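What follows is a set of notes on a single structure, which appears directly below.
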Amino acid sequence: QSEGMSEAWIEGCPVQRIMFRDGLVISMGDYNEVVVGVPMWLTLPPAGRWPREIVCDDPKAVLDEERPLFNISGSTCTEARWNDQGDLHMEFSDDHVIDVPHDDFDTAWEIYGKYHGYVASLPRGKVRVVRHDVPEEAGA
């Protein structure tokens, strides 16, 4: 585990579907959901003669022609972690990468897990974690 990063339980979960509903909603296996509500960085895998590319996208204002960029359904989340500042980093088996910075005014992202709990990057980068699958750590 790298310095100051917390691992999310969605690692290893398949992506079942992508929706845009007041932000980007990624539905994953094992009853998990990731919701992104602020502008984020999307790293696209190389495609044909097009090199790897990083685009900034506001998930609350995605244009129709941008929706195919989020075609990660069927891939697996291979890495998911957040830092103490509330930035989220996710990697997928098809080489897509999503980076969500914290936001001063909005909840930047949320991860819901029916069997695990909830974590969110609240305004000003305060990370709120509620776990119901692990015992409370002493001093937490």
Side-chain angles (χ1 to χ4, degrees):
Q1 194 154 324
S2 51
E3 281 300 303
M5 296 295 273
S6 298
E7 199 170 299
W9 60 81
I10 55 172
E11 287 188 359
C13 288
V15 176
Q16 293 174 334
R17 93 186 148 142
I18 301 290
M19 291 171 291
F20 293 94
R21 187 178 65 223
D22 197 31
L24 169 66
V25 180
I26 306 171
S27 295
M28 306 180 80
D30 208 23
Y31 299 100
N32 291 296
E33 192 171 82
V34 179
V35 180
V36 178
V38 299
M40 49 179 252
W41 298 99
L42 177 67
T43 304
L44 306 170
R49 59 193 183 88
W50 304 105
R52 195 164 181 76
E53 186 184 357
I54 300 177
V55 296
C56 184
D57 222 324
D58 180 349
K60 289 185 174 169
V62 172
L63 305 172
D64 283 344
E65 57 266 29
E66 293 174 324
R67 287 176 182 238
L69 299 179
F70 292 89
N71 184 18
I72 57 176
S73 294
S75 68
T76 298
C77 180
T78 54
E79 190 175 316
R81 49 192 69 231
W82 66 87
N83 63 20
D84 295 339
Q85 287 76 51
D87 306 316
L88 177 67
H89 175 80
M90 292 188 292
E91 296 181 13
F92 298 89
S93 57
D94 66 355
D95 273 352
H96 277 81
V97 179
I98 292 176
D99 284 291
V100 187
H102 66 272
D103 191 273
D104 284 343
F105 305 103
D106 285 316
T107 295
W109 54 266
E110 298 161 279
I111 302 173
Y112 301 94
K114 179 177 178 180
Y115 301 120
H116 299 280
Y118 167 80
V119 58
S121 176
L122 303 178
R124 289 176 301 285
K126 179 170 169 32
V127 178
R128 172 125 171 86
V129 182
V130 177
R131 294 294 291 261
H132 49 244
D133 60 345
V134 287
E136 279 292 314
E137 289 178 42

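As the structure is a computational prediction, the values presented were derived from the model and not from experiment. Atom set for the values below is all heavy atoms of this structure, side chains included, hydrogens, waters and symmetry mates excluded.
In this structure the side chain of Val127 reaches within 4.5 angstrom of the side chain of Trp82, judged on heavy atoms. A heavy-atom distance below 4.5 Å is found between the side chains of Asp30 and His116. Between Pro123 and Thr107, the closest side-chain pair of non-hydrogen atoms falls below 4.5 Å. For the pair Ser93/Ser75, a side-chain contact is recorded, criterion being any heavy-atom separation below 4.5 Å from C-beta on. Residues Ile18 and Ile72 are in side-chain contact: their nearest non-hydrogen atoms beyond the backbone lie under 4.5 Å apart. Put simply, the side chain of Glu110 does not reach to within 4.5 Å of the side chain of Val34, judged on heavy atoms.
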Identify all side-chain donor-acceptor contacts of residues 53-71 below 3.5 Å with residues at least two apart in sequence or on another chain.
unit_1, atom_1, unit_2, atom_2, d
Asp58, OD1, Lys60, N, 2.9
Glu66, OE1, Leu63, N, 2.9

message: Determine whether Met40 and Ile98 satisfy the following criterion, side chain to side chain contact (heavy atoms under 4.5 Å, CB included), listing intermediate values before the conclusion.
response: CA-CA 7 Å; Met40 49 179 252; Ile98 292 176; 3.9 Å; yes
Residue pair Ile26, Val15: steps toward the side chain to side chain contact (heavy atoms under 4.5 Å, CB included) verdict: CA-CA 7 Å; Ile26 306 171; Val15 176; 3.8 Å; yes
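Partners of Tyr31 by side chain to side chain donor-acceptor pair (under 3.5 Å), not counting sequence neighbours: none found.
Linking ILVMFWY residues whenever their side-chain heavy atoms come closer than 4.5 Å, directly or via other members, places Leu24 and Leu44 in the same cluster. Tracing side-chain contacts under 4.5 Å through hydrophobic residues (I, L, V, M, F, W, Y), one never reaches Val129 starting from Val35; they form parts of separate clusters. A continuous path of Ile, Leu, Val, Met, Phe, Trp and Tyr side chains, each step under 4.5 Å between heavy atoms, connects Leu42 with Val38, placing both in one hydrophobic cluster. The cluster map of Ile, Leu, Val, Met, Phe, Trp and Tyr, joined by side-chain heavy atoms under 4.5 Å apart, puts Phe92 and Phe20 in the same cluster.
A donor-acceptor pair shorter than 3.5 Å can be found between the side chains of Trp9 and Asn32.
The nearest pair of heavy atoms linking Pro101 to Ala108 is O-CB, 3.4 Å. Closest approach of Ser121 and His102 over heavy atoms only: OG-CB, 3.7 Å. Glu33 approaches Ser27 most closely through the heavy-atom pair OE2-OG, 3.9 Å. Nearest heavy-atom pair across Glu7 and Arg81 is OE1-NH2, 3.5 Å.
No more than 12 heavy atoms of other residues, nucleotides or ligands sit less than 6.0 Å from atom CZ of Arg128.
Within the 3.5 Å criterion, the main-chain N or O of Ala80 finds a donor-acceptor partner in the side chain of Glu11.
Taking CE from Met28 and CD1 from Ile10, the interatomic distance works out to 4.5 Å, rounded to the nearest 0.5 Å.
Ring orientation note: the planes of Tyr112 and Tyr118 are tilted relative to one another, at an angle of 30° to 60°.
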